[in-house]
Trainee: 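Handing you this structure, nothing more for now.
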Amino acid sequence: MSSSLLLSGSTVSSSFIAPSKPSLVRNSSKTSLLPFRNVSRSFKTVKCTVDSSYGGNVPTFPRTRVWDPYKRLGVSPYASEEEIWASRNFLLQQYAGHERSEESIEGAFEKLLMSSFIRRKKTKINLKSKLKKKVEESPPWLKALLDFVEMPPMDTIFRRLFLFAFMGGWSIMNSAEGGPAFQVAVSLAACVYFLNEKTKSLGRACLIGIGALVAGWFCGSLIIPMIPTFLIQPTWTLELLTSLVAYVFLFLSCTFLK
């Protein structure tokens, strides 16, 4: 009886009996390898996704690492702004969709724009300094003449220009009816008023205004006969054309003289 039990005990299985070591090894290897296989597969799919999304079939700009902005855009250092704009637009259309290429093209274009702005600014400064130097090196009589000239604000220039242009147009419109004596008198009065407001001297203002009118009338009487007759309207008399020249002299004297 006991022998039968001993013989049968080797084959009896129970849930409380621990499994053998080989089974543990097999189970642990199976359970441990499966997650790593899944992870490795997931990493491979992510890597492929990144590689396929970057760039793709979009062409890349070959001169991205070129330092000179002229060479990067493919233009000459003496190229005009129109040529630079045309090269930039052409390259952006050719390499559209590639971010690094677009940034490289725009960076070179911005460098050229900044250098062009600095060059123009220096040119203006040099022009002012050259003019100032020429004035300083001019003869004494020219310096004395320039002392009587000033540059007023632009709004003052436009207002007075509009006034005398209106007088000229009024004289032309009334050329068939009579001479421009009234318009000339009004223009002379306006010139004297502006000069008196500037110089605070009525006598000097009258002297400059009358002198400008006489000088303009004299120059007009010399210049007008030299103009071909086919350029002049039949109703425009010598007196009218001379008065137009006088308006110019009155405008210049009351605007730019001190």
Side-chain angles (χ1 to χ4, degrees), residues 19 22-137 149-166 169 251-252 255-256:
S23 64
L24 283 174
V25 174
R26 292 192 190 96
N27 293 334
S28 61
S29 62
K30 290 181 181 181
T31 56
S32 60
L33 288 176
L34 287 175
F36 284 107
R37 288 176 184 175
N38 295 331
V39 170
S40 62
R41 288 177 184 176
S42 62
F43 279 132
K44 288 181 180 179
T45 55
V46 171
K47 184 177 180 180
C48 294
T49 305
V50 172
D51 292 340
S52 62
S53 64
Y54 179 76
N57 295 325
V58 179
T60 59
F61 186 51
R63 297 188 297 272
T64 304
R65 298 182 180 275
V66 176
W67 180 81
D68 190 356
Y70 290 100
K71 293 181 180 179
R72 192 187 303 176
L73 292 182
V75 296
S76 170
Y78 305 99
S80 61
E81 292 187 3
E82 289 79 10
E83 294 175 350
I84 295 173
W85 274 95
S87 177
R88 174 251 186 192
N89 295 334
F90 173 76
L91 292 175
L92 286 179
Q93 291 177 0
Q94 188 175 4
Y95 300 102
H98 195 269
E99 185 177 358
R100 291 184 180 178
S101 300
E102 293 177 353
E103 289 178 356
S104 178
I105 296 167
E106 289 290 356
F109 178 71
E110 290 176 0
K111 287 182 180 179
L112 293 182
L113 283 185
M114 183 60 65
S115 62
S116 177
F117 172 75
I118 295 173
R119 195 183 307 113
R120 287 197 300 266
K121 191 174 181 180
K122 288 182 178 179
T123 304
K124 290 181 180 180
I125 295 174
N126 293 334
L127 181 61
K128 290 181 180 179
S129 61
K130 288 180 180 179
L131 290 175
K132 187 177 180 180
K133 186 177 180 180
K134 287 184 177 181
V135 171
E136 292 176 353
E137 295 176 355
V149 180
E150 67 177 0
M151 187 67 182
M154 294 303 296
D155 56 346
T156 303
I157 296 175
F158 285 120
R159 284 199 301 266
R160 295 180 184 180
L161 179 63
F162 174 78
L163 173 62
F164 287 97
F166 174 77
F251 163 72
L252 294 176
T255 306
F256 298 101

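Because the structure is a prediction, the values reported are computed rather than measured. Computation of the quantities below employed the complete heavy-atom set of this structure, encompassing side-chain atoms and omitting hydrogens, waters and symmetry-equivalent molecules.
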Trainee: Please report the shortest heavy-atom distance between Phe61 and Ser101, naming the atom on each side.
Mentor: N-OG, 2.8 Å
Trainee: Any pair with a residue in residues 64-90 that passes salt bridge (charged side-chain N to carboxylate O under 4.0 Å, His left out), sequence neighbours left out, goes on the list, sorted by first then second residue, please.
Mentor: Glu81-Arg120, Arg88-Glu106
Trainee: Any donor and acceptor pair, going by atom type alone, linking the side chain of Glu102 with main-chain N or O of Gly97 inside 3.5 Å?
Mentor: yes
Trainee: Do Pro62 and Tyr95 have side chains that get closer than 4.5 Å, going by heavy atoms?
Mentor: yes
Trainee: Can you list the steps and then say if His98 with Thr64 is a side chain to side chain contact (heavy atoms under 4.5 Å, CB included)?
Mentor: CA-CA 12 Å; His98 195 269; Thr64 304; over 6 Å; no
Trainee: Between Ile105 and Gln94, is any pair of side-chain heavy atoms under 4.5 Å apart?
Mentor: no
Trainee: If you take all heavy atoms of Leu73 and Ala108, which pair is closest and at what distance?
Mentor: CG-CB, 4.0 Å
Trainee: Looking at Phe90, I'd like to know if its CZ atom is crowded, meaning that more than 12 non-hydrogen atoms belonging to other residues, nucleotides or ligands lie closer than 6.0 Å.
Mentor: no
Trainee: Supply the atom-to-atom distance Ile84 CD1 to Leu113 CG, rounded to the nearest 0.5 angstrom.
Mentor: 7.5 Å
Trainee: Which donor-acceptor pairs under 3.5 Å do the side chains of residues 151-160 make with protein atoms, sequence neighbours left out?
Mentor:
unit_1 : atom_1 : unit_2 : atom_2 : d
Arg160 : NH1    : Cys254 : O      : 2.5

